[in-house]
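As structure tokens, the structure follows; a few thoughts come after it.
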Amino acid sequence: KAGVTQTPRYLIKTRGQQVTLSCSPISGHRSVSWYQQTPGQGLQFLFEYFSETQRNKGNFPGRFSGRQFSNSRSEMNVSTLELGDSALYLCASSLLVRETQYFGPGTRLLVL
Amino acid sequence: DAKTTQPPSMDCAEGRAANLPCNHSTISGNEYVYWYRQIHSQGPQYIIHGLKNNETNEMASLIITEDRKSSTLILPHATLRDTAVYYCIVRVILNTGFQKLVFGTGTRLLVSP
């Protein structure tokens, strides 16, 4: 069974732009969570989606948003990019909520 | 805030057992302990998890103390490919019924020849 896939793997943007990242969960998995990893803050929870609804959100500004489609694929969007948004963005999927999460390889975003 | 504390780094000789400790003194009765590892900025890889009893799978063993305030991940025969940052995580169940993994700073394990 294929693992979690994320696209693109690498991305370079400039300040003020917006970006959309995509995540395809493991087949059959219905819950998708997003995390941000930076050298200074480590791995931090962004939000979780289940059945196309955001179920929980971490402590991030409203510039960070996401959505989930009926096939469980998810996207996250960051608007008005700031230099501090440079990070590795990780997506994790689980079969259902409160099940083990499996991570994708991440999208590395560089904001110049 | 992370509910776990781990040593920042550990060394292990190839072929020997690696024992990675973790303290989680504020863990609640229904909260699981999860272990992941991350190799050179790849996505974290799931290793094992447990609630009360010791667990073993093809990758590792997890020993949880009877009071559940600490645990140890054991890699029985460490290889160079086990060099990674190991995260011990308490899975928090929110009042919505959904979960959140709260990562700490992890232990950087270096396996040497």
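Just so we're on the same page: letters track the sequence lines, and every chain starts at 1.
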Would [X] and [Y] count as having a side-chain donor-acceptor pair, cut-off 3.5 Å?
{"X": "B:Tyr86", "Y": "B:Arg37", "answer": "yes"}
{"X": "A:Gln17", "Y": "A:Thr14", "answer": "yes"}
{"X": "B:Thr65", "Y": "B:Asp67", "answer": "yes"}

Do [X] and [Y] come within less than 4.5 Å of each other through their side chains, counting heavy atoms only?
{"X": "A:Val111", "Y": "A:Arg15", "answer": "yes"}
{"X": "A:Leu88", "Y": "B:Gln38", "answer": "yes"}
{"X": "B:Met59", "Y": "B:Ile48", "answer": "no"}

Side chain, backbone, both or neither: which part of [X] has an atom under 4.5 Å from a heavy atom of chain B?
{"X": "A:Gln101", "answer": "both"}
{"X": "A:Leu90", "answer": "side chain"}
{"X": "A:Thr100", "answer": "both"}
{"X": "A:Ser31", "answer": "neither"}

Less than 4.0 Å between a side-chain N and a carboxylate O, is that true for A:Asp85 and A:Lys13?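 A salt bridge is absent here (no side-chain N lies under 4.0 Å from a carboxylate O).
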Relative to chain A, which segment of B:Tyr36 carries a heavy atom at a distance below 4.5 Å: side chain, backbone, both, or neither?
->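 For B:Tyr36, side-chain heavy atoms alone lie under 4.5 Å from chain A.
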Practice task
Could you tell me which portion of B:Gln45 (side chain, backbone, both or neither) has an atom closer than 4.5 angstrom to a non-hydrogen atom of chain A?
Solution key: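 Neither; nothing under 4.5 Å.
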Exercise for review: Give the cluster check for B:Tyr34 versus B:Leu51: same hydrophobic cluster or not, with ILVMFWY residues linked at side-chain heavy-atom distances below 4.5 Å.
Suggested key: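 Looking at the clustering, B:Leu51 is in the same group as B:Tyr34.
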Chain A-proximal positions within residues 69-80 of chain B [heavy-atom distance under 4.5 Å]: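 Residues of residues 69-80 of chain B touching chain A at under 4.5 Å: none.
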- Point-to-point distance, once rounded to the nearest 0.5 Å, from CD of A:Glu48 to OG of A:Ser93: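 If we round to the nearest 0.5 Å, A:Glu48:CD and A:Ser93:OG are 11.0 Å apart.
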